[in-house]
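Below you'll find the structure, written out as structure tokens, and then a few comments.
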Amino acid sequence: QVQLVESGGGLVQPGGSLRLTCTASGGTVYAMGWYRQAPGKERKFVAGISASGTSTYYEDSVKDRFTITRENANSTVYLQMNALKPEDTGVYYCAGDETRWRLNIVIVTEGEYEYWGQGTQVTVSS
């Protein structure tokens with residue numbers, strides 16, 4: 001089975017930046033994405049990228065601040081987070097899909113991802 005491991009979370013002040021990394025191993029992963037869960041709230045979609053890396057999609061509140069990218073080998077995905085706000089605080093999860101083999105689809109629906117990382121904490125506070 002596929003394993004996903006996130007890293008890069010931490011404590012930053014408003015306006016700061018962080019870069020999250022997700023590394024996949026143990027199997028084939030196509031589309032990948034990032035979700036986050038704020039304290040006491042449901043897990044929500046943040047950003048997604050297609051297997052080819054040519055298509056991306058972002059939740060409205062992070063557009064123009066966050067950027068999702070993927071290595072050519074398709075083994076690692078990144079989330080560059082700039083101009084961070086307190087409302088960005090939460091546990092960030094990496095997700096991967098192994099069934100939808102088309103190269104250019106982006107997955108937004110949580111239930112369509114089969115594999116999840118353990119999460120990494122991001123705290124934005126002054």
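Start at 1 with the first residue, then count along the sequence.
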With the 4.5 Å side-chain cut-off for hydrophobic clustering, are Y93 and V108 part of the same group?
yes
Using the rule that Ile, Leu, Val, Met, Phe, Trp and Tyr join whenever any side-chain heavy atoms are under 4.5 Å apart, tell me whether Y113 and V29 fall into a single cluster.
no
Determine yes or no for a side-chain-to-main-chain donor-acceptor pair under 3.5 angstrom, with R102 supplying the side chain and S50 the backbone.
no
Contact summary for L84 and L18, nearest pair of heavy atoms:
CD1-N, 3.9 Å
Output yes when R43 and E110 qualify as a salt bridge under the 4.0 Å nitrogen-oxygen rule, no when they do not.
yes
With a 4.5 Å cut-off on side-chain heavy-atom distances among I, L, V, M, F, W and Y, is there a chain of contacts connecting Y78 to M81?
no
What residue pairs, at least two apart or across chains, pass ring-ring contact (aromatic ring centres under 6.0 Å, His included) with a residue in residues 42-67?
Y35-F45
pair R65-D88: side-chain heavy atoms closer than 4.5 Å
yes
Student check: side-chain heavy atoms of C94 and W34 closer than 4.5 Å:
yes
Sub-3.5 Å donor-acceptor pair from the side chain of R70 to the main-chain atoms of G53, do we have one?
no
Could you tell me whether the side chain of Y115 and the main chain of L4 form a donor-acceptor pair under 3.5 Å?
no
Co-members of the apolar cluster containing Y30 [side chain, <4.5 Å]
W101
For residues 14-29, pull every pair meeting side-chain hydrogen bond (donor to acceptor under 3.5 Å, both in side chains), keeping only residues two or more places apart or in separate chains.
S17-N82
Donor-acceptor contact present, side-chain E6 to main-chain G119, <3.5 Å
yes
Does any non-hydrogen side-chain atom of V122 lie less than 4.5 Å from one of L20?
yes
What distance separates I49 CD1 from T69 OG1, expressed to the nearest 0.5 Å?
6.5 Å
Identify, with sequence neighbours excluded, every residue that meets side chain to side chain donor-acceptor pair (under 3.5 Å) alongside E114.
T99, R100
Using the rule that two of Ile, Leu, Val, Met, Phe, Trp, Tyr join whenever any of their side-chain heavy atoms come within less than 4.5 Å, decide whether V77 and V62 are in one cluster.
yes
Those residues at least two apart in sequence (or on a different chain) that pass side chain to side chain donor-acceptor pair (under 3.5 Å) with D60 are K63
Determine whether a donor-acceptor pair (N or O, by modelled atom type, separation under 3.5 Å) exists between the side chain of T89 and the backbone of V124.
yes
Under 4.5 Å between side-chain heavy atoms, counting indirect links through other Ile/Leu/Val/Met/Phe/Trp/Tyr residues: same cluster for W116 and V91 or not?
yes
Any donor and acceptor pair, going by atom type alone, linking the side chain of Q3 with main-chain N or O of Q1 inside 3.5 Å?
yes
Side-chain contact test, heavy atoms from C-beta onward, threshold under 4.5 Å: evaluate it for M32 versus C22 and give yes or no.
yes
Please, which pairs that meet side-chain hydrogen bond (donor to acceptor under 3.5 Å, both in side chains) have at least one residue in residues 117-126, sequence neighbours excluded?
Q121-T123
If you measure from NZ on K44 to OG on S61, what distance do you get to the nearest 0.5 Å?
11.0 Å
